[in-house]
Student: 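Here you go, one structure.
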Amino acid sequence: MSGSYDDSVGVEVSSDSFWEVGNYKRTVKRIDDGHRLCNDLMNCIHERARIEKVYAQQLTEWAKRWKQLVEKGPQYGTVERAWCAFMSEAEKVSELHLEVKGSLMNEDFEKIKNWQKEAFHKQMMGGFKETKEAEDGFRKAQKPWAKKLKEVEAAKKAYHAACKEEKLAISRETNSKADPALNPEQLKKLQDKVERSKQDVLKTKEKYEKSLKELDNATPQYMENMEQVFEQCQQFEEKRLRFFREVLLEVQKHLDLSNVASYKNIYRELEQNIKTADAVEDLRWFRANQGPGMSMNWPQFEEWSADLNRTLSRREKKKASDGVTLTGINQTGDQVSQSNKHSSSLSVQSNTVQSVQSSYNPFEDEEDTGSTVSEKEDNKIKNVSSYEKNQSYPTDWSDEESNNPFSSTDANGDTNPFDEDTSPAMEVRVRALYDYEGQEQDELSFKAGKFTAFS
């Protein structure tokens, strides 16, 4: 490696030693490197904090999604709780990693930032005050020695040049003696040249040795001054290294969740939740709630009764609750009088009947079906309706005759007002609200907006 000193232009550096002129710059550069290393460490911690945050968010999202899937899925019982314990673990670990992120940024990152601000002081013209102080200290310590070194180099150069000239003069003199054509005067000049060159060699050698001795005498002071400045740089660097070690230990403590009591408790609790999973208990629960252990209202014999408490079949409830609402029913005077007799079948206001759909539940218990038709008709206007389009219903638990809501006998035991024998002159005009196709033989088909007459 070669280098040069500002005040010693031309001084050659023959080694990579610290004591060579200008090689102290590596020590000065270390100060600038220390500032940059602080930035690198802060960036390193910042990236790790970002990773911790992203990981915490991913854990939370994963826990939320899978918790919903497990809760809505077919898994049940203690195994379901054990499975969900993993989601609880993820949520708790997510909180801990968010705490790690906060510790890295709020404590470690800020600590490095503040230390860097206190340790390195920027100058108006650029660079750092500490760098300039070290540069000036080394320059001052090396300047006297470098000046003497420059003199030594010059003396050496002069001495080597004199030696070269002496050798050349001796060679010329030797060659001239073998030349018979050379006159004595010219030979005399060559001999004088050799003599002068020998004297120059002696003088330059003496000067070279003297300057070298002066350099040797100045070397101890030079080394002392250089070491003093170097030790100052060492102390500054030692502070940085010790600080980095301290910060790295704190980062390690923040990252090491194995020493956090709450972290250990999370997995201890997870293990306990998993061990509480009991296949026998889950099978027992399923048998009691979804299997043969469930209660059942077994069918029992019921006596037929002709009183007002006639029980509606499920088929009749369906037809009473769903279907087409008929409006715009025109009646003659006979029909009005007939309808007044049978208020339990149809209520008429002037020339129009408006009905409201009932909400009978086809899946009601047998106890609820005991209500009489007369009691329901006293509370609301009876609907004239049929099944909805493309709607199918089970036909169990009823026969074909009980399935017809317009049977010949009503709840009161009277005749049906729509029976042809009762009112042979009745004519009904119906305007359908929407299209409907009859699903059974005794049902009618309608077109939306059109009137249909039937009797």
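Residue numbers run from 1 in the order of the sequence given.
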Student: Return yes when atom CH2 of W285 has more than 12 non-hydrogen atoms of other residues, nucleotides or ligands closer than 6.0 Å, and no otherwise.
Tutor: yes
Student: Indicate the ring-plane relationship of F109 and H46, choosing parallel, tilted or perpendicular according to the 30° and 60° boundaries.
Tutor: tilted
Student: Can you confirm whether more than 12 heavy atoms, excluding those of F236, are under 6.0 Å from its CZ atom?
Tutor: yes
Student: Kindly say whether S17 contributes a backbone atom to a donor-acceptor pair with the side chain of N23 at under 3.5 angstrom?
Tutor: yes
Student: Identify whether NZ of Lys or CZ of Arg in R245 sits under 6.0 Å from the centre of the six-membered ring of F243 and within 45° of that ring's axis.
Tutor: no
Student: Cut-off 3.5 Å, side chains only: do E20 and S15 have a donor facing an acceptor?
Tutor: yes
Student: Looking only at atom types and distance, does a side-chain atom of E130 sit under 3.5 Å from a main-chain N or O of H121, one as donor and one as acceptor?
Tutor: yes
Student: Among all residues two or more places apart in sequence or in another chain, which pass the ring pair (Phe, Tyr, Trp, His ring centres under 6.0 Å) test with Y263?
Tutor: Y267
Student: With a 3.5 Å distance limit and no angle check, can you tell me whether D282 reaches the backbone of V79 through a side-chain donor-acceptor pair?
Tutor: yes
Student: Would you please classify the geometry between the F120 ring and the W115 ring as parallel, tilted or perpendicular, with 30° and 60° separating the classes?
Tutor: perpendicular
Student: Just say parallel, tilted or perpendicular for the rings of W19 and Y222, cut-offs at 30° and 60°.
Tutor: perpendicular
Student: Less than 4.0 Å between a side-chain N and a carboxylate O, is that true for R242 and E238?
Tutor: yes
